[in-house]
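Take a look at the structure set out below.
Everything numeric here is computed off the predicted structure, so don't read it as measured data.
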Amino acid sequence: MAPVKVFGPARSTNVARVLVCLEEVGAEYEVVSEPRAPCQKLAAADDSILILQPFGQIPAFQDGDVVLFESRAIAKYVLRKYKSADADLLREGNLKEAAMVDVWTEVEAHQYNPAISPIVYECLVNPAMRGIPPNQKVVDESLEKLKKVLDVYEARLSKTKFLAGDFLSFADLNHFPYTYYFMATPHAAVFDSYPHVKAWWESIVSRPSCLPRRLDAKHRVGSSEKG
C-alpha cells in the first residue's frame, strides 16, 4: 500500500498535528513539498499543491483519490482509517466517550489554542522568522487568558487522567504542537502552578509519537499558518 502524503513543512504546528496522529497509529506516510522556511500559505507557483488546498494554506493531504485539507479533519480521517484496538483515539464506538472527545477537541480549538498560540508567535516565531521583538502586551494578555483556561483544565484533570476520560484521545494529541513550543518560551514555568496539567502534558510528550528527539530529527514543528 502506498504511503499517504502530507503536504507542508513538517515543522509547522498544523502539519505536526497530522504527523503525530500518523505516528500514533503507525501509518506509513510521506511529507512532501517542504518550503525552505515556514510560511502561512503555500507558494502560489506550486499549482499542484494549490489544487489540493484551494485556500493555499497548509497542510494538505492525499490518500489515493482522497484529498483533504484542514489539519483536524485530516487527523480524524487518519484516526478512522487506521483505528485498531490499540489505537482508538476517537472512541466512536462509545457515544458518551466520543462526545467527550469532541467536547475537548473543540475546547482546544476555541479556548486553548487562541490563548497559547500568540505567546508562541511573539516569543519564538516572530523573533526567529521575522526579526520582530515580542509584543509584551500581547504576551501578557495571552498569558492571562491561558491561565484561565488552565484553571479549567486543572479541575478537569484532577478527576480524569486525560481530557476526555481515563483514556488517551485525539483531544489530548491536539494540544501537542503549540504546547511543545510554548515549553521553549520563557513562560514555560506557568505549567508548574497546575500539577495535574503538568502531569498530563508530561504523559503526552513522553509518548513515542511525540518524543522531542523524534521531532527534532524528523517532524520539527512551529509555524504560523491556519488549517
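Looking at S117 and Y112, their side chains never bring a donor and an acceptor atom within 3.5 Å of each other. Looking at S209 and E23, their side chains never bring a donor and an acceptor atom within 3.5 Å of each other. A side-chain donor from one of H175 and Y153 sits under 3.5 Å from a side-chain acceptor of the other. In the model, R17 has a side-chain atom that pairs as donor or acceptor with a side-chain atom of N14 under 3.5 Å. Donor-acceptor pairing under 3.5 Å is recorded for the side chains of Y178 and Y121.
For the atom pair CZ (F167) and CZ (R91), the distance works out to 5.0 Å, reported to the nearest 0.5 Å. Separation of atoms OG (S169) and CG (L163) is listed at 7.0 Å; rounding is to 0.5 Å. Remark: L143 CG to I119 CD1 distance equals 4.0 Å, nearest 0.5 Å. Between the CG atom in N174 and the CH2 atom in W104 there is a gap of 13.0 Å [rounded to 0.5 Å]. How far OG1 of T105 is from NE2 of H110: 10.0 Å, rounded to the nearest 0.5 Å.
Q62 contributes no side-chain N or O that, together with a main-chain N or O of V67, makes up a donor-acceptor pair within less than 3.5 Å.
Note on V138: it does not cluster hydrophobically with L146, by side-chain heavy-atom contacts below 4.5 Å among ILVMFWY residues. Under the 4.5 Å side-chain heavy-atom criterion for ILVMFWY residues, a single connected hydrophobic cluster contains both I74 and V66. Transitive grouping of hydrophobic side chains (ILVMFWY, heavy atoms separated by less than 4.5 Å) keeps V139 and I132 in distinct clusters.
Between R72 and E108, at least one side-chain N (NZ, or NE/NH1/NH2) sits under 4.0 Å from a carboxylate O, which counts as a salt bridge. Look at R80 and E92 and you find a salt bridge, because one of the NZ, NE, NH1 or NH2 atoms lies within 4.0 Å of a carboxylate O, short of that distance. E141 has a carboxylate O that lies under 4.0 Å from a charged side-chain N of K137, or vice versa, which qualifies the two as a salt bridge.
Taking a 6.0 Å sphere around NZ of K81, one finds it holds more than 12 heavy atoms contributed by other residues, nucleotides or ligands. Open room surrounds CD on E28; 12 or fewer heavy atoms of other groups in view lie less than 6.0 Å from it.
Minimum interatomic distance between S142 and P118 (heavy atoms only, all atoms of both residues): OG-CB, 3.4 Å. When all heavy atoms of R207 and S203 are compared, the pair lying nearest together is CG-O, 3.3 Å. Summarising the geometry of Y194 relative to V190, their closest heavy-atom pair is CD1-O, 3.3 Å, with the distance given to 0.1 Å. For A184 against L124, the heavy-atom pair with the smallest separation is O-CD2, 3.9 Å. Nearest approach of V18 to A75, heavy atoms of both residues: CG2-N, 4.4 Å.
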Handout entry: ring-ring contact (aromatic ring centres under 6.0 Å, His included) assessment of F61 paired with Y77
Key = CA-CA 10 Å; F61 174 90; Y77 173 88; 5.6 Å; yes

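T179 places a side-chain heavy atom less than 4.5 Å from the side chain of F191. The shortest distance between side-chain heavy atoms of P186 and C123 falls below 4.5 Å.
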